Amino acid sequence: MQVTLRVRRFNPEAENPKPYWQDFTLEMEETSTVLDALIKIREEVDGSLALRCSCRSAICGSCAMRINHQATLACKTKLNELVRDGKTVTVEPVGNMATIKDLVADMSPHWQKIRQVTPWVQHEGPEPETEYLAPNEAMLHLTGVMACIQCGACVSDCTALEADANFIAPAALAKAYRFVADPRDTKKVERLGNLNKYGGIWDCTRCYYCVQVCP
């Protein structure tokens, strides 16, 4: 299967560091993913191509990028689903974050927003005599937000964050809910109060694009 990837490149050390597009035409297996193609480019065509990847199993979240203008994980995106009718596959770094080089983005804003919601259980009161076991039904309710792999795809394509960098963004909101709904946490009122301020939950436009791109 022949496929053409149009990759958005950026080299901060270039004489005139500006983003540009570069096309790569490859022969790939029908079962190949976008990440397979990018690794082949780096290993066989252009060793200067920069990208992040690790598990290749949609677990670590490090290969998040925009593919055909939508954030997703490159390791779980099949090429044969994108190249129908001979279309070129566009690959660029995630949005709403600065590009370090090529497909590698600076994830610092994402982690700053996660830290902003105090991402750990806060408990006040007498220390329990034994381990505090949360009810099973309460934790089952949180399986969705606890499954977040922090890939940043939702942050990349968040329209509210694009309009206002002060918005806390969907990944941090999901993390905040994980502790607001935890029966062991005694800081629910304070947490909700912080989320009720400028940049908090009410600045979300409810477009649900974050849900659409979440892997």
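As the structure is a computational prediction, the values presented were derived from the model and not from experiment.
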Between Gln122, Arg191, Arg178, which is the residue that forms a side chain to side chain donor-acceptor pair (under 3.5 Å) with Asp185? Arg191
ring-ring contact (aromatic ring centres under 6.0 Å, His included) contacts touching residues 175-202 (sequence neighbours left out): His141-Tyr177
Apply the side chain to side chain donor-acceptor pair (under 3.5 Å) test between Asp157 and each candidate in Gln212, His69, Arg66, Gln70; give the one that qualifies. Arg66
Quick check: do Met97 and Val155 have side-chain heavy atoms less than 4.5 Å from each other? yes
Tell me, with the steps shown, if Lys188 and Asp182 meet salt bridge (Lys or Arg N to Asp or Glu O under 4.0 Å). CA-CA 9 Å; Lys188 293 177 177 56; Asp182 193 308; over 6 Å; no
For the side chain of Asp106 and the backbone of Ile100, is there at least one donor-acceptor N/O pair under 3.5 Å apart? no
How many angstroms lie between CG in Asn11 and OG1 in Thr99, if you round to the nearest 0.5 Å? 12.0 Å
Side-chain contact, heavy-atom cut-off 4.5 Å: Thr118 with Glu190? no
Mind checking whether Leu73 and Thr33 have side chains closer than 4.5 Å, heavy atoms only? no
Measure the CD-CG distance between Gln2 and Leu79 for me, rounded to the nearest 0.5 Å. 12.5 Å
Please say which of Ile41, Val45, Ile39 ends up in a side-chain contact (heavy atoms from CB on, under 4.5 Å) with Glu43. Ile39
Quick check: does any side chain N or O of Lys76 sit under 3.5 Å from a backbone N or O of Pro215, one acting as donor and the other as acceptor? yes
May I ask you to test the Leu82-Asn68 pair for a side-chain heavy-atom distance under 4.5 Å? yes
Shortest non-hydrogen contact between Thr31 and Lys78, atoms and distance: O-CD, 3.9 Å
Side chain to side chain contact (heavy atoms under 4.5 Å, CB included) for Arg8 and Gln22? Distances and angles first, verdict last. CA-CA 6 Å; Arg8 190 169 179 84; Gln22 184 174 1; over 6 Å; no
Minimal heavy-atom distance between Cys55 and Cys60, with the atoms involved, is SG-N, 3.2 Å
Counting heavy atoms not belonging to Arg184, are there more than 12 under 6.0 Å from its CZ? yes
Closest approach of Val83 to Val3 (non-hydrogen atoms, all atoms of both residues): CG1-CG2, 3.3 Å
Restricting to non-hydrogen atoms, name the atom on Arg206 and the atom on Cys204 that form the minimum distance, rounded to 0.1 Å. NH1-O, 2.7 Å
Should Ile67 and Thr90 be marked as a side chain to side chain contact (heavy atoms under 4.5 Å, CB included) after you check the CA-CA gap, both sets of side-chain angles, and the distance that decides it? CA-CA 6 Å; Ile67 299 173; Thr90 63; over 6 Å; no
Any chance you could measure Leu35, atom CG, to Ser54, atom OG, to the nearest 0.5 Å? 10.0 Å
Indicate, with yes or no, if Met1 and Phe24 share a hydrophobic cluster defined by side-chain heavy-atom contacts under 4.5 Å among Ile, Leu, Val, Met, Phe, Trp and Tyr. yes
Run the side chain to side chain contact (heavy atoms under 4.5 Å, CB included) check on Cys158 and Asn96 step by step: do they pass? CA-CA 8 Å; Cys158 176; Asn96 285 325; 4.3 Å; yes
Please determine, by modelled atom types, if Thr25 and Thr4 share a side-chain donor-acceptor pair under 3.5 angstrom. yes
Are a donor atom and an acceptor atom from the side chains of Arg9 and Ser48 found within less than 3.5 Å of each other? yes
Rounded to the nearest 0.5 Å, what's the gap from OG on Ser32 to CD on Glu27? Could you check? 10.5 Å
Could you check whether any side-chain heavy atom of Ile168 comes within less than 4.5 Å of a side-chain heavy atom of Leu173, counting everything from C-beta outward? yes
What heavy-atom pair brings Gly152 and Met107 nearest, and what distance separates the two atoms? CA-CE, 4.1 Å
Can you get from Val145 to Val121 by hopping between Ile, Leu, Val, Met, Phe, Trp and Tyr side chains that sit under 4.5 Å apart? no
Indicate yes or no: at least one non-hydrogen side-chain atom of Asn80 is less than 4.5 angstrom from one of Met28. no
Shared hydrophobic cluster for Val7 and Val89 (ILVMFWY, side-chain gaps under 4.5 Å): yes
Would you name the heavy atoms of Leu103 and Met65 that are closest together and state the gap between them? CD1-SD, 4.1 Å
Using a 3.5 Å distance criterion without hydrogens, assess whether the side chain of Ser156 forms a donor-acceptor pair with backbone atoms of Val94. no
Are the side chains of Cys75 and Ser57 in touch, meaning some heavy atoms are under 4.5 Å apart? no
Atom NZ of Lys113 and atom CZ of Phe167: how far apart are they, to the nearest 0.5 Å? 8.5 Å
Do Leu161 and Ile201 belong together in a cluster built from hydrophobic side chains that touch within less than 4.5 Å? yes
Measuring from atom CG of Leu5 to atom CH2 of Trp21, what distance do you get when rounded to the nearest 0.5 angstrom? 10.5 Å
Flag the pair Lys187 and Glu124 as a salt bridge only when some basic side-chain nitrogen lies within less than 4.0 angstrom of an acidic carboxylate oxygen. yes
Please examine the side chains of Gln112 and Ser108, heavy atoms only from C-beta on, and report whether any two atoms are closer than 4.5 Å. yes
Side-chain heavy atoms nearer than 4.5 Å, only ILVMFWY residues, links allowed to pass through others: does that put Ile114 and Leu142 together? no
So, Asp203 side chain and Gly199 main chain: donor-acceptor pair closer than 3.5 Å or not? yes
